[in-house]
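Residue numbers run from 1 in the order of the sequence given.
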Amino acid sequence: MGATSGQGRQAGGTPRAALADLLAGNRRFVSGQPVHGHDVTAAAAASGDQQPYAVVLGCIDSRVPLEAIFDQTFGAICVIRTGGHVLDRAVCGSIEYVVGQLGVPLVMVLGHERCGAVQATVEALRMGQRPGGSLAHLVDEIAPAVTEAGIDDPAVLPLAIRRHVRRTVRTLRQDDLLAGPVAAGRVAVVGGLYDLATGEVALLDPG
Ligand SMILES: [Zn+2]
């Protein structure tokens, strides 16, 4: 379905074209008219060299399957998922690889409503109990957004979710290997929010 995938699929495509393609895929999904089935013939068709046009960093939440909500076929986008789309060196290194080695012009950070990782951070901060294990890393990384949103604000969850997306976007824009391409306009890092009920992705302004 190359014709419906747009020019963002071509090597050296622009961030703008890539974003348009990604959002067009979400509109197909929302309208109930996806064109990309996940069948083995599509896998085989994409089995040569990969030329993805975007990388999406999202949450592990089972309700947010990224290839599906953007109606993307095999070979189209790289996907990274962590709890609350929290960054670590492996995540940043993976994005650096996709941008630097595969020439991908677009990075999207996608948060979602009612995120359990952000909710868990709200509860941890309210109770003053930092979780053990590596879960502490997630809470530590999300905590600044919760604090900024206001721990006692009744709307802290939706506010913190948005702030956390924007913080993640800012961190990636300042990444050692991404800052140059971003400043030159060759790569864009954008934030989005997924609505669990409607399936819609809305872009978040930088804030
Ligand atoms: Zn989540």
Worksheet entry | Check against salt bridge (Lys or Arg N to Asp or Glu O under 4.0 Å), R89 and E96 | CA-CA 10 Å; R89 291 189 69 198; E96 288 169 359; over 6 Å; no

Practice prompt. Take I142 and V86 through the test side-chain contact (heavy atoms from CB on, under 4.5 Å) and record every step on the way to the result.
Written response: CA-CA 7 Å; I142 298 171; V86 162; 3.7 Å; yes

Discussion item. Just verifying a value: how many Å separate I77 CD1 and D21 CG, rounded to the nearest 0.5 Å?
Written reply: 11.0 Å

Worksheet item: Is there a donor-acceptor pair under 3.5 Å between the side chain of Q174 and the backbone N or O of L172?
Response: no

Worksheet item: Should T198 and V30 count as side-chain neighbours, where that means a heavy-atom distance under 4.5 Å?
Response: no

Worksheet item: Does a sphere of radius 6.0 Å around CZ in R63 hold more than 12 heavy atoms from other residues, nucleotides or ligands, not counting ones at 6.0 Å or beyond?
Response: yes

Worksheet entry | Side-chain touch L177/V99, heavy atoms, less than 4.5 angstrom | no

Discussion item. Quick test of your reading of the model: are D205 and R166 salt-bridged, counting only N-O distances below 4.0 Å?
Written reply: yes

Worksheet entry | Whether over 12 other heavy atoms sit under 6.0 Å from R126 CZ | yes

Fill in: Closest non-hydrogen atom pair between A124 and V139, with its separation
CB-CG1, 4.2 Å

Practice prompt. Identify whether the distance between the nearest side-chain nitrogen and carboxylate oxygen of R130 and D140 falls below 4.0 Å.
Written response: yes

Practice prompt. Examine distances only and state if a side-chain atom of N26 and a backbone atom of G199 form a donor-acceptor pair shorter than 3.5 Å.
Written response: yes

Worksheet entry | L196 backbone acceptor or donor facing R114 side chain under 3.5 Å | no

Item to complete: Measure the spacing between CG of L125 and CD1 of I151 and express it to the nearest 0.5 Å.
Response: 4.5 Å

Item to complete: Decide yes or no on side-chain contact (heavy atoms from CB on, under 4.5 Å) for V146 and V156, but give the supporting numbers first.
Response: CA-CA 7 Å; V146 174; V156 61; 4.1 Å; yes

Discussion item. Exactly one of L19, V109, L204 should register a side-chain contact (heavy atoms from CB on, under 4.5 Å) with V190. Which one does?
Written reply: L19

Practice prompt. Establish whether L159 and L203 are linked, either directly or via other cluster members, by ILVMFWY side-chain heavy-atom contacts under 4.5 Å.
Written response: no

Discussion item. Using side-chain contact (heavy atoms from CB on, under 4.5 Å), reason through L87 and T168 one step at a time and then give a plain yes or no.
Written reply: CA-CA 7 Å; L87 299 173; T168 308; 3.9 Å; yes

Worksheet item: For Q72 and H38, which heavy atoms make the closest approach, and how far apart are they?
Response: O-NE2, 3.3 Å

Discussion item. So, taking the atom named SG in C59 and the one named CD1 in I80, what distance separates them when rounded to the nearest 0.5 Å?
Written reply: 13.5 Å

Item to complete: Look up atom CG in L106 and atom CZ in R186, then write down how far apart they are to the nearest 0.5 Å.
Response: 15.0 Å

Discussion item. Could you measure the distance from the CZ atom of F70 to the CE atom of M108? Nearest 0.5 Å is fine.
Written reply: 4.5 Å

Practice prompt. Identify the heavy atoms of C78 and L102 that sit nearest to each other, and give their distance.
Written response: SG-CD1, 4.4 Å

Discussion item. Any side-chain to backbone donor/acceptor pair from H164 onto G84? Under 3.5 Å, distance only.
Written reply: yes

Worksheet entry | Nearest atoms (heavy-atom pairs only) where G83 meets I60 | N-CG2, 3.6 Å

Worksheet, complete the sentence: Minimal heavy-atom distance between V91 and D88, with the atoms involved, is N-OD1, 2.8 Å

Worksheet item: Do E148 and R167 sit within salt-bridge range, that is, some charged N less than 4.0 Å from a carboxylate O?
Response: yes

Worksheet item: Would L193 and I161 count as a side-chain contact (heavy atoms from CB on, under 4.5 Å) if you check the C-alpha gap in whole Å, the side-chain angles of each, and the deciding distance to 0.1 Å?
Response: CA-CA 9 Å; L193 197 68; I161 286 169; 3.5 Å; yes

Response to the item:
Nearest heavy-atom contact between D71 and R28 is OD2-NE, 2.5 Å

Worksheet entry | Approximate separation, where rounding is to 0.5 Å, of R81 CZ and L66 CG | 5.0 Å

